[in-house]
Amino acid sequence: MRTTSTSIGLTALRIVLGVVFIAHGAQKFAQGIGSVTEGFSGMGIPLAEVAAPLVAGLELVGGVFLVLGVATRVVGVLLAVDMVVAGLLAHASSGFYSQDGGFEYVLVLAVASLAVALTGPGRFSLDAVFLLASRRRRGVQEPLPA
């Protein structure tokens, strides 16, 4: 059984991670999807014209979902995959350190996203509210896992 401090920790991680992804997704839309597509093409990302709007949308909407704690495990996996692909295709050739364009930052985002996917959103999330309501409707009395 998880403690309140665990749920607070998961909530803090989820919200900060979500805000970071919201900022990155919004930045891509502000630059214009055409510019992001050109940038992706220049980095050698395959199907850049498909990847650019998909990634921008995932980061923006996925970030909002993380903040709210909605579909947290699914969004966490999708964002982790997004960051692993970014790390491999856009950052790996520049080494480790992000100041040099390396994969350090995307690695942290990937692992944090995976951690949220594996542990769940915590008690203070819409996922937990929906789960609790569903359990009550079915008459299940066991406590929430997070």
Side-chain angles (χ1 to χ4, degrees), residues 1-136 143-146:
M1 184 179 209
R2 294 192 179 153
T3 64
T4 299
S5 62
T6 300
S7 281
I8 292 170
L10 289 171
T11 301
L13 173 62
R14 190 172 42 75
I15 290 172
V16 169
L17 188 61
V19 168
V20 168
F21 278 114
I22 290 168
H24 282 270
Q27 180 184 44
K28 286 175 178 66
F29 281 111
Q31 289 173 348
I33 296 301
S35 295
V36 176
T37 300
E38 287 177 31
F40 278 17
S41 292
M43 290 183 264
I45 294 174
L47 299 170
E49 59 281 343
V50 174
L54 260 169
V55 166
L58 171 62
E59 291 176 359
L60 182 64
V61 175
V64 170
F65 277 25
L66 284 181
V67 168
L68 298 174
V70 175
T72 308
R73 291 180 187 267
V74 172
V75 170
V77 168
L78 292 173
L79 289 170
V81 169
D82 174 27
M83 290 298 98
V84 167
V85 171
L88 292 172
L89 296 180
H91 297 279
S93 63
S94 297
F96 180 75
Y97 296 104
S98 59
Q99 69 187 20
D100 301 325
F103 63 89
E104 170 187 23
Y105 184 58
V106 294
L107 176 63
V108 171
L109 292 177
V111 172
S113 297
L114 182 60
V116 168
L118 292 172
T119 60
R123 230 180 284 164
F124 310 113
S125 66
L126 289 179
D127 281 346
V129 170
F130 296 141
L131 180 60
L132 181 60
S134 172
R135 286 179 176 199
R136 283 185 178 151
L144 288 174

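Heavy atoms only: backbone and side chains are in, while hydrogens, waters and symmetry mates are out.
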Spacing of Phe40 atom CZ and Ile33 atom CD1 [to the nearest 0.5 Å]: 8.5 Å
Summary of side-chain hydrogen bond (donor to acceptor under 3.5 Å, both in side chains) pairs that have at least one residue in residues 78-93, sequence neighbours excluded: none
Can you list every side-chain hydrogen bond (donor to acceptor under 3.5 Å, both in side chains) pair that touches residues 25-39, not counting sequence neighbours? Lys28-Glu59
Kindly compute the distance separating CD1 (Ile15) from CG (Leu66), expressed to the nearest 0.5 Å. 10.0 Å
OG/Ser7 to CZ/Arg14 distance, rounded to the nearest 0.5 angstrom? 9.0 Å
Taking all non-hydrogen atoms of both residues into account, name the closest pair between Gly122 and Ala128 and its distance. O-CB, 3.7 Å
For the pair Leu89 and Met43, evaluate side-chain contact (heavy atoms from CB on, under 4.5 Å) and give the outcome as yes or no after the intermediate values. CA-CA 7 Å; Leu89 296 180; Met43 290 183 264; over 6 Å; no
Search all heavy atoms of Pro121 against all heavy atoms of Leu10 and return the closest pair with its distance. O-CB, 3.9 Å
If you measure from CZ on Phe65 to CG on Leu79, what distance do you get to the nearest 0.5 Å? 11.0 Å
Please check if atom OH in Tyr97 has more than 12 non-hydrogen atoms from other residues, nucleotides or ligands closer than 6.0 Å. no
Using every non-hydrogen atom in the two residues, find where Gly102 and Ser94 come nearest and quote the distance to one decimal. N-CB, 3.8 Å
Is it the case that the side chain of Arg73 and the backbone of Val116 share a donor-acceptor pair, with hydrogens and angles ignored and the cut-off at 3.5 Å? no
Measure the spacing between NE2 of His24 and CG of Leu60 and express it to the nearest 0.5 Å. 12.5 Å
So do Ser113 and Leu17 actually touch side chain to side chain, heavy atoms under 4.5 Å? yes
Between CG on residue Leu114 and CG on residue Leu109, distance to nearest 0.5 Å: 12.5 Å
